[in-house]
Each structure stands twice: as structure tokens, then as C-alpha cells.
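I have placed the structure first, in the form of C-alpha cells, so that the comments after it can refer back to it.
First the proteins, then the strands, lettered A, B, ... as listed; each starts at 1. In what follows, every heavy atom counts, from backbone to side chain, and hydrogens, waters and symmetry copies are set aside. Please read all numbers here as calculations on a predicted model, not as lab measurements.
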Protein chains: 2
Amino acid sequence: MKTPEARRRLSPDLREQEIVREAVKFFAEFGFEGQTRELAKRLGITQPLLYRYFPTKDALVERVYQEVFLRRWNPFWEELLQDRSKPLGERLTEFYRDYSQVILTYEWVRLFMFSGLKGLDFNTRYLDLLRQRVFDLIINELRLAHSRKPPDEVPITTMEIEAVWGLHAAIFYLGVRKFIYNMPVENINSIVDLELRIFLDGVPGTLAGR
Amino acid sequence: MKTPEARRRLSPDLREQEIVREAVKFFAEFGFEGQTRELAKRLGITQPLLYRYFPTKDALVERVYQEVFLRRWNPFWEELLQDRSKPLGERLTEFYRDYSQVILTYEWVRLFMFSGLKGLDFNTRYLDLLRQRVFDLIINELRLAHSRKPPDEVPITTMEIEAVWGLHAAIFYLGVRKFIYNMPVENINSIVDLELRIFLDGVPGTLAGR
DNA sequence: CGATCAGTTTATCAATCGATAAATAACGGA
DNA sequence: TCCGTTATTTATCGATTGATAAACTGATCG
């Protein structure tokens, strides 16, 4: 009992936006093997129309990546982590609460995993960025908070990076459980706080630069 | 320049074993959309022969699950975690070193993720088992080691479970990074030790039952 | 009100998929 | 050595896939 859906002839910009928005949801659900006919059906259009806006299916997939991963990165995070007017614990709480709100979504988590499994290099590129823009900063601030020598005197160790990876994994895995394993995960903020507490209590023993 | 590969007519048992063994590798690489013709090619047989041993493709996929997940569970783990003749830290190290050696493999990690993304209920079933057979045990032993009331007096809290989830995630994510994101991850045992140290130093603050 | 541009649909192709039936050939027993 | 069982291959079907070309139609302008 829905409208006959006879609405046609949208402006190209609007139509493209609609396609991309629906494609994000669609590929997040079925992966990149999701069929163009089914996507078109959800959009209330015919399948060949997709090819008016994107030359190939891969081009549409590529566009979905950009929309989900690149667009959602917040440059302010890097400032926040270095804002020494606040205690480090407070900064980390603020950062990971906000960061988790961005990446712990159905689309982000699943598309990221689909991308990794398909062997696309996007994951490594994103994670290299994450390490440079976030992990190194956190280690730097942790060193400072515990009166260790800075990274330019004593280089960052593998184990320091791994310690931060552990924190990051604990938080990201909440999204894996929720959106990939389909398990109930509630009160994410409280859990983020918990993981941070455990991390901050336990990490001093692994910091270098004494 | 390889042998003409004219060998035919294996015994049904042997042929089935070969098919399953190769199918595990194959589906771990390409996911369940991997094509039967390509799988047959890798086996050096023709595609219809697969249907002599498995009625449908799904039946073969189902068999792969059983082979990888059910067969590799070690009941001894549950005994080990409760062996109070050893310090808890030692038990956890021993367990997670062995457990990580079993699940942090190309096949296990990728098939588990493919399964989750496809919406099969196997993940939840496995993780329910993991929680009952491992998580609850760990929390019980942690309570005991820190002189808290046992779970039958003070029920296990959500946050205690989440704390163990965090440890588990940190370790499992090593496999995600290595086999899904294709990142270099070395010295897994050392990292497991590190995560355990951080966990054990930080977790007492979240234990209930005081 | 008619003409033109462009957004959209219809019709269809070529390749690929899982699956089936019939033909072939390898191995063991008499 | 021959024969029969059956493991294996050849040939093929029907459905589905991404993609293309041509026909259609709605909106804007004169």
C-alpha cells in the first residue's frame, strides 16, 4: 500500500545523492557482490539508470568508500589529543567517545571489514593514517604524563604501539560484535570508559623512555 | 611445466578429504561466493565431481564450518583455566598463547568474519560457548584471586564481561590486522603477554563482589 | 502549444553461476 | 585377461549477472 512510485526525472545532483546514500546502506548489508538490480529496486528506479551516473559498478563502490571513510574523519581530533589544558585521561575519554560514535556504525564497521576481506588497500591506508595522526600522538602524551623521554629522544617501541592497538581493538570490536556478529551491545560510552580505565591503569609498565 | 595431472579415481574418503581441505583454504580466501569451478580447478578435478560428494555448495560450506570451528576447540582449556595449582597470571598466559595459536590463523579469522557478515548464526553460537566456557571461568578466577565474592553470591556484571571482552578483542584483533587487513604482525606471543599484563594490572578496579 | 534536451525505461546481450544427465574410463575381482 | 562397478569427465541447462543500445517521456523554453 505505497505510492505508485511514478516520480521520475530528478535533477542529476539529487539523483546521484540518492543513489550514493542508498548504495552505502546496500553494500554495507550485502557486501560488494550485492546486485545492481536489487540496489535499483530499493531506489525505486531501473537498473540501467545506475549506469547513467556511474560508468561501472566498481566506480560506485569506490564512491561509497570515499563517502563513508574519508568524509567522516574529523581533523579536530588531533588538536583535542594535544590540548594539554586538560588531563590526558579526560582528553582520551572525549576523543574515544566521539571517535567511537563516528566509526561504530553499521555502515562503517561492515564496509571496512568487507573492504579488508576483498583485499583492497584502503584499510592499510586508513590505518597508516590512524597510526600517524592518533596512535603516535597518544604515545607522545602518555610519555609526557608519566615523565618519560619524548619520542624524538627515545623512539616509539613496537610494544607501545601494540598497547594502543589493544585499546583501539577493544573499542572497535564493540562494533564488530554489534554489527557483524549481531550481538546486543549497549551503553557503549560506559564500556569505552571502562576500557580506558583498564588501559590507563595498566599501560605505564610498558612505556619506554625512562 | 607441471605434471599432466592425469591421476584419477581416488577412494571416496581420500577425495572427500582433499575437497574439504582445499575448500577451507578456498572459501577463507574468497568468501562463500567463491565459485565451484575455480575450487575444482585448484583441486585438479572437474566441477561436477564436487556434486558427487556434496549435494549443494551450501552443504560444502557447512562442512567447512564444522572442520574449522568445531574441530579445533580444545576441552583442556577449561581445565587449564581452573587449575589452581598455578598462579592465575600463568594460567591465562598459557591459555591465551595456546588459544591464539589455534584461532589466529588465516582460515579461522577470515572464515569467522565471512560467516558473520553473511548473517549466519554460527558466530553467536560459538561466542555463547566461548563466554560460558571461558569468560565466566576467567571472571570466577579473577574474583577468587582478588578476594571477591564468587558469582553465585554476587552475579557477574556486564562490566566484568566487557572487561574480558576487551582482552579477548585485543588478542583476536591481531588476527584481523594480519589476515584481513594484511598488515605485518609479529611476535604474537610477546603481544599476548603484553595485553595480559595491561589487563591484569588494570582489571581489579572493575571487579564486583567486594 | 509544439519542439528540443535530457532523465528514465524497455529490451537485450554476453558472460558466468550452480546444478544435472549421460558418456567415459580407471581399478579390483574372478 | 576380461568384466563390472563406480569414480570421473563431457555436455548442457536455466537462472542470474553487469553492461549496452535504443525507445520513451517529462520538463523547460519560445
Side-chain angles (χ1 to χ4, degrees), chain A residues 2-65 114-115 117-120, chain B residues 2-65 114-115 117-120:
Chain A
K2 62 176 180 178
T3 52
E5 206 70 44
R7 66 163 153 152
R8 302 192 341 191
R9 212 176 175 79
L10 285 188
S11 83
D13 281 355
L14 266 178
R15 181 63 79 191
E16 184 173 318
Q17 282 177 33
E18 270 201 17
I19 292 177
V20 170
R21 186 165 44 81
E22 193 67 31
V24 166
K25 288 168 53 184
F26 181 73
F27 288 128
E29 184 171 353
F30 296 102
F32 311 121
E33 302 82 8
Q35 304 146 7
T36 53
R37 277 175 180 79
E38 179 63 27
L39 170 59
K41 197 173 176 183
R42 294 193 173 200
L43 281 158
I45 62 176
T46 55
Q47 180 242 7
L49 187 55
L50 295 172
Y51 290 86
R52 177 87 177 188
Y53 292 88
F54 298 92
T56 66
K57 184 184 177 183
D58 281 341
L60 177 55
V61 168
E62 193 64 30
R63 175 63 180 276
V64 166
Y65 288 152
F114 273 124
S115 161
L117 285 168
K118 209 181 176 185
L120 306 175
Chain B
K2 63 175 179 180
T3 52
E5 205 74 42
R7 64 164 155 150
R8 303 192 340 192
R9 214 175 175 79
L10 285 187
S11 83
D13 282 356
L14 266 177
R15 180 64 77 194
E16 183 173 318
Q17 283 178 31
E18 270 201 17
I19 291 177
V20 171
R21 187 165 44 82
E22 194 67 32
V24 167
K25 287 168 55 184
F26 181 74
F27 288 129
E29 184 171 352
F30 296 102
F32 310 121
E33 302 83 6
Q35 305 147 8
T36 53
R37 278 175 179 78
E38 178 62 26
L39 170 59
K41 198 172 175 182
R42 293 192 174 202
L43 281 160
I45 61 176
T46 55
Q47 180 241 7
L49 187 56
L50 295 172
Y51 291 87
R52 176 87 175 189
Y53 292 88
F54 298 92
T56 67
K57 182 184 177 182
D58 281 342
L60 176 56
V61 168
E62 193 65 30
R63 175 65 180 276
V64 165
Y65 289 152
F114 272 124
S115 160
L117 285 168
K118 209 183 176 183
L120 306 176

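The shortest side-chain heavy-atom distance between B:R15 and B:R52 does not fall under the 4.5 Å cut-off. Counting heavy atoms from C-beta on, the side chains of A:Y65 and A:L120 come closer than 4.5 Å. B:L43 is not listed as a side-chain neighbour of B:L49, based on a closest heavy-atom distance of 4.5 Å or more.
Minimum atom distance to the side chain of B:Q47 is reached by C:dG18, of the listed C:dT8, D:dT9, C:dG18. Which of C:dT9, C:dA19, D:dT6 sits closest to the side chain of B:Y51 comes down to C:dA19. Counting only heavy atoms from C-beta on, A:T46 has its side chain closest to C:dT10 among D:dA19, D:dT8, C:dT10.
Distances shorter than 4.0 Å separate some side-chain N or O of A:Y53 from OP1 or OP2 on C:dT8.
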Checklist entry - Please walk me through it: do A:E33 and A:K57 pass salt bridge (Lys or Arg N to Asp or Glu O under 4.0 Å)? => result CA-CA 10 Å; A:E33 302 82 8; A:K57 184 184 177 183; over 6 Å; no
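Regarding A:R15, its CZ atom lies at a distance of 12 Å from the P atom of D:dA27, rounded to whole Å. Atom-to-atom, CD of A:E33 to P of D:dT16 comes out at 18 Å; the value is rounded to the nearest Å. Taking atom CD of A:E16 as the reference point, atom P of C:dT8 lies 12 Å away to the nearest angstrom. Rounded to an integer number of Å, the gap from A:L10 CG to C:dA6 C1' is 13 Å. C:dG18 atom C1' lies 18 Å from atom CZ of B:F30, rounded to whole Å. Across the protein-nucleic acid pair, B:D13 atom CG and D:dA7 atom C1' stand 13 Å apart, rounded to whole Å. When the C1' atom of C:dT16 is taken as reference, atom NZ of B:K57 falls 12 Å away, rounded to whole Å. The nearest whole Å value for the distance from the CG atom in A:L43 to the C1' atom in C:dT9 is 15 Å.
As judged by a 4.0 angstrom heavy-atom cut-off over every strand, A:T56 is placed among residues touching the sugar-phosphate backbone only. In this structure, B:P48 reaches the bases: a heavy-atom distance under 4.0 Å links it to at least one base atom across the strands shown. Within 4.0 Å of A:F54, counting heavy atoms only, lies no atom of the nucleic acid at all.
Each of B:D58 and A:P12 has a nearest nucleotide on DNA chain C; the 5'-most of these lies closest to A:P12.
The base of D:dG18 lies close enough to the side chain of A:R37 for a donor and an acceptor atom to sit less than 3.5 Å apart. Judged by distance alone, with hydrogens and angles left aside, B:R9 brings a side-chain donor or acceptor within reach of the base of D:dT6, the pair sitting under 3.5 Å.
By the 30° and 60° cut-offs, the orientation of the rings of B:F27 relative to B:F32 is tilted.
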